[in-house]
Amino acid sequence: MSIVSRFAPSPTGYLHLGHAYSAWLGRTQSQIWRLRFEDIDATRCKPEYLSAIQQDLSWLGLTWDGEIRVQSEHLAEYRGVLETLTRKELLYPCFCTRGEIARAQSAPHFRETIYPGTCRNLSPAERDRKLHAGIPFALRMNVERACQMAGTRRFFEIGTGWAEAEPRRWGDVIIARKETPTSYHLCVVHDDWAQQISHVIRGEDLRDATHIHVLLQAILGYETPCYRHHKLIVGDDGKRLAKRDKAATLRELRDMGITPDEIIRRLAATQAAYS
Ligand code: GLU
């Protein structure tokens, strides 16, 4: 069986060494390596970064297989997935603002604000009234109901083995945002299926999201890929690299005269130190 993985940057800035590490790991550990641009956030993504990212990957000698998938070109597909989830009665409109959610929250929870369920419990009349009043809404998934539908699910993490998915830790996640008819979770799950990804190789900062992805895969009848959440490359200060650290962008390194070979050697040394 060939290993098919992908690199899925959001085109919100230039690639830095952290991206290069993820891309290089993916490329070297798979036979087929796909490229996908996660550009649904129209306010933060810029077309110039789509071409810059391709140039930077090519400069490093990391060539992707097949066509590039650009999420903003697939909104109709995501709408279809939303319809499927709606037919299964797993979604409900949520009219809450961030402030309202924070106020209704009783205790700090897993990773981000867990939704207290306010709009899940609206009466049909109240829901209709808000819809007719034109109040903007997101679509949330009733995670408890989805878990009951899906049953217990597991995923295989390379290096540590089987783990049980615990999507309830997320509460009712947003599946379609107020400003765009989709979300990171929906797009990733659908695209990994559409691109026939067998192994998701990505940073450990995204490990928590896997719990909700595995639930969505079960509901949608998509096979769950294997996962490998790699350690993040850190800067000299020991903190993870972020797009704001301009000195670490590949462009900056190239302009400083550093060669692709030197970068690849540093990535390989990082991997050796981590394993
Ligand atoms: N677009 C995400 C990022 O740039 C990666 C998503 C994923 O690999 O699942 O951090």
Side-chain angles (χ1 to χ4, degrees), residues 3-30 32-54 56-57 62 64-65 68-75 78 81 111-112 155-158 165 167 170 173-175 177 180 182-217 220 222-234 239-245 248-250:
I3 293 185
V4 185
S5 75
R6 62 9 175 227
F7 179 54
S10 306
T12 56
Y14 295 117
L15 294 185
H16 55 61
L17 270 181
H19 296 111
Y21 184 55
S22 201
W24 173 78
L25 274 182
R27 175 67 282 184
T28 52
Q29 298 192 354
S30 29
I32 299 177
W33 186 64
R34 302 199 188 284
L35 179 58
R36 171 163 93 223
F37 285 115
E38 304 208 323
D39 65 338
I40 53 164
D41 187 343
T43 55
R44 293 177 58 230
C45 297
K46 294 210 177 90
E48 69 201 68
Y49 294 127
L50 267 78
S51 41
I53 289 171
Q54 293 173 61
D56 289 350
L57 290 174
L62 302 176
W64 55 92
D65 298 299
I68 300 174
R69 187 170 171 99
V70 180
Q71 287 185 333
S72 57
E73 294 169 2
H74 296 275
L75 295 180
Y78 306 135
V81 179
R111 203 179 145 106
E112 58 178 45
F155 62 95
F156 191 80
E157 171 83 39
I158 291 166
W170 278 86
V173 284
I174 290 185
I175 293 294
R177 302 205 305 244
T180 166
T182 186
S183 62
Y184 162 66
H185 296 309
L186 185 152
C187 290
V188 166
V189 165
H190 180 72
D191 289 354
D192 284 341
W193 170 79
Q195 291 188 293
Q196 299 179 300
I197 302 304
S198 68
H199 289 64
V200 171
I201 300 173
R202 61 183 175 194
E204 63 185 4
D205 53 327
L206 291 166
R207 183 182 284 126
D208 289 343
T210 302
H211 294 272
I212 211 78
H213 297 173
V214 171
L215 175 63
L216 278 169
Q217 287 151 3
L220 295 168
Y222 299 164
E223 204 172 312
T224 291
C226 292
Y227 286 87
R228 173 165 178 204
H229 294 101
H230 60 76
K231 283 195 186 157
L232 301 178
I233 213 167
V234 290
K239 295 208 185 101
R240 63 176 283 204
L241 297 178
K243 281 180 183 150
R244 60 183 174 273
D245 301 323
T249 66
L250 297 177

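Treat the numbers as computed from the prediction; the structure is a model and nothing was measured. We count ligands from 1, going down the list as the structure has it; atoms in each ligand are counted the same way.
- Of the candidates Glu38, Arg202, Gln71, Glu38 brings a heavy atom nearest to atom 6 (C) of ligand 1.
- Listed by chain and number, the residues in a side chain to side chain contact (heavy atoms under 4.5 Å, CB included) with Ile174 are Ala138, Arg140, Arg177 (sequence neighbours excluded).
- When non-hydrogen atoms are compared, ligand 1 lies under 4.0 Å from the side chain of Leu206 (C-beta onward) but not from its backbone.
- Here is the list of ligand 1 atoms found below 4.0 Å of a heavy atom in Arg6: 7 (C), 8 (O), 9 (O).
- Taking a 4.0 Å cut-off on heavy atoms, Phe7 fails to register as neighbouring ligand 1.
- Taking both residues in full, the closest heavy atoms of Ser5 and Ser30 are given as OG-OG, 2.8 Å, listed atom of the first, atom of the second, then distance.
- A 6.0 Å sphere centred on CD of Gln196 holds no more than 12 heavy atoms belonging to other residues, nucleotides or ligands.
- Between Trp193 and His190, the ring-plane angle classifies as tilted under the 30° and 60° cut-offs.
- If you number the atoms of ligand 1 from 1 as listed, the ones under 4.0 Å from a heavy atom of Ser10 come out as 1 (N), 2 (C), 3 (C), 4 (O).
- In this structure, a donor-acceptor pair under 3.5 Å is present between the side chains of Thr210 and His229.
- Polar contact check, Pro9 against ligand 1: no nitrogen or oxygen pair lies under 3.5 Å apart.
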